[in-house]
Structures are given as structure tokens and as C-alpha cells.
Amino acid sequence: MTDLRADDLRTLARQQIPAEVWDFIEGGSGDELTVAANTAAFAAARLRPRVMVDVSAVDTGVTLLDARLDTPVGLAPTAYHQLVHPDGEVATAAGAAKENALFVVAMFASRTLEDIAAPAAGPLWLQLYWLRDRDAIARLARRAAAAGFAALVLAVDAPRLGRRLRDIRNRFAVDGRVRAVNLDASLMAASHDRQAGASALAAHAAQTFDASLTWADLAWLRERSPLPVVLKGILTAEDAAAAVAHGAAAVIVSNHGGRQLDGAVATLDALPEVVEAVDGACPVLVDGGVRSGRDALIALALGADAVLLGRPTLWALATGGSDGVADLLRHVTDDLAHDMALAGRPSLRDVDRRLIRAVTNAR
Ligand SMILES: Cc1cc2nc3c(=O)[nH]c(=O)nc-3n(C[C@H](O)[C@H](O)[C@H](O)COP(=O)(O)O)c2cc1C
Ligand SMILES: CCCCCCC(=O)C(=O)O
């Protein structure tokens with residue numbers, strides 16, 4: 001897929017994915033302002049290339065939480081991969097492993113943690129939501145460590161589910177054949193029940209997510225697992241500083257792909273203040289609207305240590321299975337290396353803020 005851009009992949013995927021599932025994947029919350037802002041922020045950034053630099057060798061390697069990766073481009077957690085491919089997250093993990101890239105597995109994965117970990121050479125992190133059923137979280141945290149996952153990723157931007165109008169209009173419920181198999185079936189029942197509410201997912205979240213999560217609760221999770229805890233959904237300097245103070249091993253600048261608070265700041269616009277507040281205390285990752293190597297380069301220049309792909313992962317999985325996921329990662333990484341060469345930045349160490357002309361915060 002050397003010349004296949006993410007947009008082409010999206011067009012191909014759309015032809016294959018049932019309309020309701022497509023809306024679930026594509027949609028954001030409310031008026032989808034933040035969905036649009038995420039990609040617009042990347043499109044608005046302009047680069048300041050340097051010349052007369054030896055770029056005969058370009059290195060995209062990066063170390064994250066002690067793991068050496070060939071690429072700073074990884075896969076964001078997205079639920080229910082079997083909605084788009086029969087092998088689900090097992091295929092996704094195999095694709096990421098081929099490229100030695102990070103894969104953050106969702107709590108609502110449709111394959112077991114153990115099956116997902118089996119073929120994976122690359123590092124896996126496990127994303128968690130803060131459920132009222134705290135034992136379910138503790139069990140998953142233990143299983144993740146035993147299966148060889150390298151970190152837990154707590155999504156902190158979901159005290160309740162964003163109002164996703166497409167899902168509400170479609171009365172979307174997850175096909176009963178696709179299950180969040182790492183959790184008890186009884187806990188997940190509402191998400192398959194079209195009668196549970198206008199959106200079964202929102203109804204399910206209302207029943208099971210615990211909206212009382214505060215900074216004080218992080219100690220509980222850290223005590224229950226030897227794994228480092230990463231926080232996903234940080235958008236402000238204040239929360240970045242609190243994350244560091246409460247022992248976060250890394251933070252992910254994320255607005256959940258525009259699926260939670262509509263009108264929330266684009267992640268690229270939030271990134272600089274988070275990087276400044278973290279001040280090197282832990283790695284900073286970012287997701288939301290990353291579609292190309294150029295986008296990755298822009299985020300890395302603004303201080304991100306890595307970027308994650310959400311929707312493109314599902315497009316790639318739907319159209320090409322594990323090979324599709326590997327092709328996506330290779331394509332975006334090759335594109336990044338190409339742009340690094342043209343920008344006169346042979347390694348990620350050379351990629352810094354001076355590469356960006358100006359950052360507009362007007363979106
Ligand atoms: C279909 C779909 C499912 C998602 N499921 C989860 C999830 O289970 N847990 C989570 O933390 N984030 C989830 N996300 C958010 C992604 O992790 C990520 O923040 C977002 O997709 C990044 O934006 P992008 O899609 O523009 O790349 C999901 C996003 C999509 C599109
Ligand atoms: C029961 C809530 C399911 C949320 C599924 C994941 C998702 O759509 C998201 O996090 O976004």
C-alpha cells in the first residue's frame with residue numbers, strides 16, 4: 001500500500017463495513033466539532049525544513065517505558081475489533097508485532113488478553129475504564145501482567161459516554177456475536193440490548209462506568225498491579241501536572257477522537273501545554289486525527305514521544321487483516337522517515353519545536 005493514503009483506506013473500508021458499524025467507528029459526539037478540529041489542527045501546521053544536513057540515514061526508533069520500538073507510531077485502543085474482522089485483536093496484534101509497534105488493547109477487546117498476547121512481539125498495553133465493579137478491574141490488571149502486557153492505560157475522560165448522535169439515531173447495539181470477552185457477560189449485557197436505551201453503549205456505560213473517579217483513586221490501581229499506569233485523556237496543563245504528581249508513567253493527550261466532550265480542544269492544540277507541564281517527567285503520547293507521517297512529525301516536533309492511530313487501525317484491519325495493519329504502520333512510518341529527511345531531521349532527537357512555524361490556537 002505504498003501510495004495508499006489514510007483517506008483511500010477509509011474509502012475502501014467504508015465499502016466493506018455495515019452502515020451502523022461504520023457510524024459507530026466514524027462518529028463523534030454532538031456536532032462532531034472536535035472530530036473535525038483534530039484533523040484541521042494538523043492540516044494548519046506548517047514546517048520549517050533545514051537543508052544541508054546529512055539525512056542519508058534516517059532513524060525512527062524510539063524507547064517507550066523501557067521498550068525499544070522501530071516506530072513512534074502505534075495503535076490506540078478501540079473496542080470490539082471483531083466488528084470489522086473475524087480475527088479481531090489477534091490480527092491487530094500480529095500486524096503491530098510485524099512492525100515492532102505499540103498496540104494499546106481496549107478493555108472491551110473482543111479476543112482474550114491471552115490470545116492477543118500470544119503472537120505479539122511488540123509491546124502491548126491494556127486500556128481500562130473505571131468500572132463500578134472494581135474487582136473486574138483488579139482481575140484484568142492481574143491478567144494483563146501475567147499475559148505479558150507492559151502497562152495499564154486508564155481512560156480518564158469517560159465518567160459517562162459522550163452523546164454520539166449517530167449511535168442514538170441508529171439505536172446502535174453491539175452484535176451479540178461480538179463480545180467483550182475479558183469481562184463477565186452479565187456486566188456487558190446492556191451493550192448488546194437494543195431495548196437498553198437509544199444507544200445501548202450509552203446505556204451500558206451509565207450502568208457500569210463509575211463517574212466518581214478522582215486523583216485519589218489512582219493509588220488503588222497502582223497498588224493492584226506491578227505494571228506502570230498511563231493516563232489517557234489529558235488535555236490541560238493542570239491535569240498533566242496532577243498526573244505526574246500522582247505517579248503516571250506516561251500521559252496520552254487525547255479527546256477520545258472527538259467522541260467524549262464535543263467542543264474539546266484539538267489534541268494537537270493541547271499538546272504544547274501538556275508537554276510543558278510534564279517537563280520531561282514522563283513520556284507524552286498523543287492521538288486524534290493522526291493520519292500520515294507528516295501528522296506524526298508535527299506532533300513529535302511539538303513534544304510528543306509517540307502518536308497513536310485510532311480509526312485508521314480499524315480501516316486497515318477491515319480491509320487487510322493483520323497485513324493491512326502492518327501495511328498501515330509501515331506506510332505511516334515510511335512517510336514519517338521521508339518527511340524527516342526532507343525536513344533535515346535524521347533522527348527523532350533532531351525533531352523539535354523549531355520545525356513548526358507557528359501554532360494557531362484559534363480552532
Ligand atoms: C470505534 C472506536 C472505539 C474506541 N474505543 C475506545 C476504547 O474502548 N477505549 C478508549 O480508551 N478509547 C477508545 N477510542 C478512542 C481511541 O482510543 C482514540 O482516542 C481515538 O480514536 C483517536 O482518534 P482517531 O480515531 O482520530 O485516530 C475509540 C475510538 C473509536 C473510533
Ligand atoms: C459500553 C461503552 C462502550 C464504549 C466502547 C468504546 C468506545 O466507543 C469509545 O470508547 O469511544
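Remember, it's 1-based here, ligands and their atoms both numbered in the order they're listed. On a predicted model such as this, the values are computed, not experimentally measured, just so you know.
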Any protein N/O atoms within less than 3.5 Å of an N/O atom in ligand 2? List the atom names and distances, or say none.
unit_1: ligand 2; atom_1: 8 (O); unit_2: Arg164; atom_2: NH1; d: 2.8
unit_1: ligand 2; atom_1: 8 (O); unit_2: Arg259; atom_2: NH2; d: 2.9
unit_1: ligand 2; atom_1: 10 (O); unit_2: Tyr129; atom_2: OH; d: 2.4
unit_1: ligand 2; atom_1: 10 (O); unit_2: His256; atom_2: NE2; d: 2.6
unit_1: ligand 2; atom_1: 11 (O); unit_2: Arg164; atom_2: NH1; d: 3.1
unit_1: ligand 2; atom_1: 11 (O); unit_2: Arg164; atom_2: NH2; d: 2.9
unit_1: ligand 2; atom_1: 11 (O); unit_2: His256; atom_2: NE2; d: 3.2
unit_1: ligand 2; atom_1: 11 (O); unit_2: Arg259; atom_2: NE; d: 2.8

List of N/O pairs, ligand 1 versus protein, all under 3.5 Å?
unit_1: ligand 1; atom_1: 5 (N); unit_2: Ala79; atom_2: N; d: 3.2
unit_1: ligand 1; atom_1: 9 (N); unit_2: Gln127; atom_2: OE1; d: 3.1
unit_1: ligand 1; atom_1: 9 (N); unit_2: Tyr129; atom_2: OH; d: 2.9
unit_1: ligand 1; atom_1: 11 (O); unit_2: Lys232; atom_2: NZ; d: 3.0
unit_1: ligand 1; atom_1: 12 (N); unit_2: Pro77; atom_2: O; d: 3.3
unit_1: ligand 1; atom_1: 12 (N); unit_2: Lys232; atom_2: NZ; d: 3.0
unit_1: ligand 1; atom_1: 12 (N); unit_2: His256; atom_2: NE2; d: 3.2
unit_1: ligand 1; atom_1: 14 (N); unit_2: Pro77; atom_2: O; d: 3.3
unit_1: ligand 1; atom_1: 17 (O); unit_2: Pro77; atom_2: O; d: 2.6
unit_1: ligand 1; atom_1: 17 (O); unit_2: Lys232; atom_2: NZ; d: 3.0
unit_1: ligand 1; atom_1: 19 (O); unit_2: Lys232; atom_2: NZ; d: 3.2
unit_1: ligand 1; atom_1: 19 (O); unit_2: Ser254; atom_2: OG; d: 3.2
unit_1: ligand 1; atom_1: 19 (O); unit_2: Asp287; atom_2: OD1; d: 3.2
unit_1: ligand 1; atom_1: 19 (O); unit_2: Asp287; atom_2: OD2; d: 2.8
unit_1: ligand 1; atom_1: 25 (O); unit_2: Arg311; atom_2: N; d: 2.9
unit_1: ligand 1; atom_1: 25 (O); unit_2: Arg311; atom_2: NH1; d: 2.9
unit_1: ligand 1; atom_1: 26 (O); unit_2: Gly289; atom_2: N; d: 2.9
unit_1: ligand 1; atom_1: 26 (O); unit_2: Arg291; atom_2: NH1; d: 3.4
unit_1: ligand 1; atom_1: 26 (O); unit_2: Arg291; atom_2: NH2; d: 2.7
unit_1: ligand 1; atom_1: 26 (O); unit_2: Arg311; atom_2: NH1; d: 3.3
unit_1: ligand 1; atom_1: 27 (O); unit_2: Arg291; atom_2: NH1; d: 3.1
unit_1: ligand 1; atom_1: 27 (O); unit_2: Gly310; atom_2: N; d: 2.9

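Side-chain contacts under 4.5 Å among hydrophobic residues (ILVMFWY), followed directly or transitively, place Ile168 together with Leu165.
The aromatic rings of Tyr129 and His256 lie parallel to each other, with less than 30° between the two planes, well short of the 60° mark.
Between the side chains of Thr63 and Arg68, at least one donor N or O sits under 3.5 Å from an acceptor N or O.
Using a cut-off of 4.0 Å between Lys/Arg side-chain N and Asp/Glu carboxylate O, Arg349 and Asp59 are scored as not salt-bridged. The residues Glu20 and Arg164 are annotated as not salt-bridged, no charged nitrogen and carboxylate oxygen being separated by less than 4.0 angstrom.
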Exercise for review: Kindly indicate, with the supporting measurements, whether the criterion side-chain contact (heavy atoms from CB on, under 4.5 Å) is fulfilled by Leu83 and Ile25.
Suggested key: CA-CA 10 Å; Leu83 283 174; Ile25 293 170; 5.9 Å; no
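Between the His85 side chain and the Ala318 main chain, no donor and acceptor come within less than 3.5 Å of each other.
Residues Asp295 and Val307 form no side-chain contact, since every pair of their non-hydrogen atoms from C-beta on lies 4.5 Å or further apart.
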Show me the donor-acceptor pairs, under 3.5 Å and distance only, between side chains in residues 221-235 and residues at least two apart or in other chains.
unit_1: Arg222; atom_1: NH1; unit_2: His246; atom_2: O; d: 3.2
unit_1: Arg224; atom_1: NH1; unit_2: Trp220; atom_2: O; d: 2.9
unit_1: Ser225; atom_1: OG; unit_2: Leu227; atom_2: N; d: 3.0

